[in-house]
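On a predicted model such as this, the values are computed, not experimentally measured, just so you know. Each chain gets a letter, A, B and so on, in the order its sequence line appears, and its residues count up from 1.
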Amino acid sequence: MTNDKVRTRFAPSPTGFLHIGGARTALFNWLYTRRCGGTFVLRIEDTDQARSTDESTRAILDAMTWLGLNWDEGPYFQAERVGIHREMVQKLIDEGKAYYCTCSPGALEAKRKKALAEGRKPKYDGTCRDRGLIRSPESVVRFRCPDVGVTVMRDLIKGAISFSNEELDDLIIERADGYPTYNFAVVVDDAQMGITHVIRGDDHVNNTPKQMLIYEALGCEVPLFGHVPMILGSDKARLSKRHGATSVMAYQEMGYLPEALVNYLVRLGWSHGDQEIFTMEELIRAFSLEAVGKSAAVFNPEKLLWLNQHYITTYPAEKLVEVATPFWERKGFDVSDGGFVAQAAANLRTRSKTLVEMADSGSFFFREEVDYDPEAAAKFLTPEYAGHLEAVAERIPDIVDYTKDGLEIFLRALAEERGTKLKWIAQALRVALTGKTVSPGIDEVMVTLGKERVIRKIRRAIDQIKAGG
RNA sequence: GGUCCCAUCGUCUAGUGGUUAGGACGCUGGCCUCUCACGCCGGAAACCGGGGUUCAAGCCCCCGUGGGACUACCA
């Protein structure tokens with residue numbers, strides 16, 4: 001499978017953030033390339049001067065970096081390459097394979113509408129095809145498409161697809177402003193950059209025959225194509241903002257781990273037997289385009305959440321601290337004690353689906369004053385439990401084995417001594433220490449908080465009981 | 001409208017002519033248990049329809065139906 005001649009590319013247009021669909025396309029390209037030991041090129045398709053922004057370019061690069069999708073060449077900027085594009089346009093004109101056209105957009109639009117209304121196909125009628133026009137300020141350049149014959153694409157994912165050339169249009173390859181259009185620029189750039197495998201979204205399938213014809217007209221070798229299926233929203237419509245977050249970086253902000261997103265995305269449309277969890281190394285070894293499915297997939301946030309929780313619970317401790325810290329910092333907490341943050345994260349990891357959730361549910365670790373949940377307090381911060389709390393606070397200084405196991409033994413013994421059950425003491429303590437009836441194991445919480453903080457919190461809870469009467 | 005693509009549990013999918021149609025998320029019953037999670041054991045849940053081909057079809061062929069993409073001087 002190793003083939004270091006393989007050259008792939010990811011070519012986003014910088015008109016917005018990197019979205020989920022683009023990320024998966026980039027991921028498939030990346031995996032395929034790494035699997036082959038080839039070269040992954042990044043090219044920014046910014047020929048649409050009006051919509052492209054530097055901010056978008058930076059956001060796309062950031063997102064790819066966050067996901068771990070490094071590129072070997074680039075980023076190249078398509079707009080900087082217009083010289084080459086124009087040269088190639090001129091070459092086609094000189095060879096009679098392209099021609100100037102002065103049909104106005106308005107006239108074209110009218111013809112399209114009329115054709116549609118009459119049930120005919122809205123195809124360029126070839127008005128300027130043989131007029132032998134020369135360049136003028138309002139002229140565009142059209143590619144002369146053969147009107148007979150068949151173009152067949154052997155897609156790496158979808159298999160052979162054939163198109164009858166008769167259906168193809170004399171598409172515009174250079175606009176009146178002198179900039180190339182997508183279908184032309186992409187061919188010139190891919191050819192010139194020696195791209196061997198074009199892996200992209202399957203919304204490009206219908207563009208492919210036109211592009212293949214341009215490769216041939218240019219005298220360039222046609223690359224191999226692999227069209228990956230779209231990602232849909234829950235209503236089966238193409239994934240968009242109204243289905244929720246679609247920007248990759250939005251997931252970082254919501255407390256997702258890049259490993260989770262990568263793992264989720266790769267399984268959308270690709271599978272390897274029954275395996276659900278993959279490391280990057282495993283993916284690189286197992287990935288293949290043949291195993292990519294042909295049908296569109298619906299984005300399922302629940303499964304992403306499950307994977308995220310899986311990665312949070314299994315992340316190496318040091319990395320977990322690293323990614324979790326900013327979320328507490330953002331809430332204004334003191335995160336200077338790395339060991340303390342690490343313990344808090346360790347206590348919370350199995351019960352957090354996202355880092356945001358982890359930061360929220362673990363706020364009590366960082367707050368001196370406990371925020372008592374009214375219902376919890378009403379139930380457990382009562383005179384009935386004050387004695388238990390008092391006993392715990394009094395005995396803590398003398399506990400030698402202040403560990404999870406040691407505390408469990410201590411609390412059980414105390415419960416027996418006081419003629420109650422562990423659960424009642426645990427719940428009262430839980431509310432005293434965390435303010436809630438739901439938290440990590442009470443012994444773990446006590447260990448993480450440390451004797452002093454625990455005693456202070458218990459005292460404050462007792463005061464609260466006395467005050468509340 | 002035309003061209004092209006697609007079709008197994010609600011969702012992601014395994015399956016390449018003979019399977020009790022498997023796994024995962026979610027849902028759900030139970031166990032574990034100081035709460036909540038985690039974990040473990042169990043359950044409900046699918047081959048879009050109709051014709052062929054074949055001894056045998058989820059798998060092959062045809063026709064429907066449904067969904068999607070494209071049909072720009074956007075990419």
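Within 4.0 Å of Ala176(A), counting heavy atoms only, lies at least one base atom of the nucleic acid. Heavy atoms of Lys303(A) sit under 4.0 angstrom from at least one base atom. Heavy atoms of Gln275(A) sit nowhere under 4.0 angstrom from any nucleic acid atom. Residue contacts shown for Arg120(A) are absent, as no nucleic acid heavy atom lies under 4.0 Å away. If you check every strand for non-hydrogen atoms under 4.0 Å, Thr350(A) touches a base. Counting non-hydrogen atoms under 4.0 angstrom, His227(A) reaches nothing in the nucleic acid. Contact annotation for Glu45(A): backbone-only contact, meaning every heavy-atom pair under 4.0 Å involves sugar-phosphate atoms and none involves a base. Heavy atoms of Ser234(A) sit nowhere under 4.0 angstrom from any nucleic acid atom. Across all strands shown, Thr313(A) has no heavy atoms under 4.0 Å from either base or sugar-phosphate atoms. Contacts of Gly293(A) with the nucleic acid, taken as non-hydrogen atoms under 4.0 Å apart, are absent. Using a 4.0 Å heavy-atom distance criterion, Arg112(A) is classed as a sugar-phosphate-only contact. Counting any heavy atom pair closer than 4.0 Å across all strands shown, Pro440(A) reaches a base atom. Counting non-hydrogen atoms under 4.0 angstrom, Asp169(A) reaches nothing in the nucleic acid.
Pairing for U53(B) is absent, judged as Watson-Crick or G-U wobble with the two contacts each under 3.5 Å. Nucleotide G10(B) is matched to C25(B) when pairs are restricted to Watson-Crick or G-U wobble geometry with both distances under 3.5 angstrom. Here C70(B) sits opposite G2(B) as a Watson-Crick or G-U wobble pair (both hydrogen-bonding atom distances under 3.5 Å). When Watson-Crick and G-U wobble pairs are counted only if both distances are under 3.5 Å, C40(B) pairs with G30(B). In this structure, G17(B) makes no Watson-Crick or G-U wobble pair, since no nucleotide meets both defining distances under 3.5 angstrom.
You won't find any donor-acceptor pair under 3.5 Å spanning the side chain of Asn206(A) and the base of C5(B), going by distance alone. No donor-acceptor contact under 3.5 Å links the side chain of Arg351(A) to the base of C38(B). Remark: the Glu276(A) side chain and the G23(B) base include a donor-acceptor N/O pair separated by less than 3.5 Å. With hydrogens and angles ignored, no donor-acceptor pair closer than 3.5 Å exists between the side chain of Asp48(A) and the base of A75(B).
Comparing Cys101(A) and Glu302(A) by the nucleotide of RNA chain B whose heavy atom lies nearest to each, the residue mapping closer to the 5' end is Glu302(A). Closest-nucleotide positions on RNA chain B for Asp203(A) and Val140(A) were compared, and the one nearer the 5' end corresponds to Asp203(A).
Here A75(B) presents its C1' atom at 12 Å from NZ of Lys210(A), a figure rounded to the nearest Å. Rounded to an integer number of Å, the gap from Asn347(A) CG to C36(B) C1' is 13 Å. At whole-Å resolution of the value, OH in Tyr124(A) and P in U71(B) are 18 Å apart. In this structure, Gln49(A) places its CD atom 18 Å from P of C73(B), rounding to the nearest Å. The distance between atom CD1 of Ile442(A) and atom P of U33(B), rounded to the nearest whole Å, is 18 Å. In this structure, the CG atom of Asp202(A) is 13 Å from the C1' atom of G67(B), given to the nearest Å. In this structure, CZ of Phe278(A) is placed 17 Å from P of G23(B), rounded to the nearest angstrom. Atom NZ of Lys404(A) and atom P of U35(B) are 12 Å apart (whole Å).
Among the nucleotides A75(B), G67(B), C34(B), the one closest to the side chain of Arg430(A) is C34(B). The side chain of Ile172(A) lies closest to C73(B) when the candidates are A7(B), C73(B), A75(B). Relative to the side chain of Tyr182(A), the nucleotides C73(B), U35(B), A75(B) differ in distance, and A75(B) lies closest. For Trp306(A), the side-chain atoms get nearest to G26(B) when compared with the rest of C12(B), U35(B), G26(B). Among C34(B), A75(B), C4(B), the nucleotide with an atom closest to any side-chain atom of Arg51(A) is A75(B).
Across the C1' atoms, C27(B) and C12(B) are found 16 Å apart, a figure rounded to whole Å. Using atom P as the reference point in both A57(B) and G52(B), the two lie 12 Å apart (nearest Å). G66(B) and C60(B): their P atoms are spaced 23 Å apart (whole Å). On the P atoms, A7(B) is 12 Å away from C61(B), given to the nearest whole Å. Between G50(B) and G30(B), the two C1' atoms lie 45 Å apart (nearest whole Å). On the C1' atoms, U13(B) is 32 Å away from U71(B), given to the nearest whole Å. Rounded to whole Å, the C1' atom of A72(B) lies 41 Å from the corresponding atom of C47(B). As rounded to the nearest Å, A14(B) and G64(B) have C1' atoms that lie 28 Å from one another.
Asp190(A) contributes no side-chain N or O that, together with a main-chain N or O of Ile195(A), makes up a donor-acceptor pair within less than 3.5 Å. Of the possible polar contacts, none joining the Arg349(A) side chain to the Ala317(A) backbone as a donor-acceptor pair under 3.5 Å is found. Of the possible donor and acceptor atoms, one in the side chain of Thr313(A) sits under 3.5 Å from a partner among the backbone N and O of His310(A).
Residues His197(A) and Phe28(A) place their aromatic rings such that the two centres sit no closer than 6.0 Å. In summary, the aromatic rings of Tyr256(A) and Tyr311(A) are positioned with their centroids too far apart to meet the 6.0 Å limit.
Ion pairing between Glu276(A) and Lys303(A) holds under the 4.0 Å rule for side-chain N and carboxylate O.
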Evaluation steps, side chain to side chain contact (heavy atoms under 4.5 Å, CB included), between Met212(A) and Met153(A): CA-CA 8 Å; Met212(A) 290 174 76; Met153(A) 159 173 69; 3.8 Å; yes

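One finds no side-chain N or O of Arg238(A) lying less than 4.0 angstrom from the OP1 or OP2 phosphate oxygen of G68(B). OP1 or OP2 of A75(B) lies within a sub-4.0 Å distance of a side-chain N or O belonging to Arg175(A).
No donor-acceptor contact under 3.5 angstrom links the side chains of Gln78(A) and Arg81(A), judged on distance only. Donor-acceptor pairing under 3.5 Å is recorded for the side chains of Tyr315(A) and Glu259(A).
With Asp170(A) as the fixed residue, the side chain to side chain donor-acceptor pair (under 3.5 Å) test singles out one of Lys123(A), Arg142(A), Arg129(A): Arg129(A).
Contacts between residues 155-166 of chain A and RNA chain B, defined by a heavy-atom separation below 4.0 Å, involve Lys158(A), Ile161(A), Ser162(A), Phe163(A), listed by number.
Annotation: cation-pi geometry not satisfied between Arg200(A) and Phe10(A) (NZ/CZ under 6.0 angstrom from ring centroid, within 45° of ring axis).
Counting heavy atoms from C-beta outward, Ile173(A) and Asn183(A) have side chains that stay 4.5 Å or more apart.
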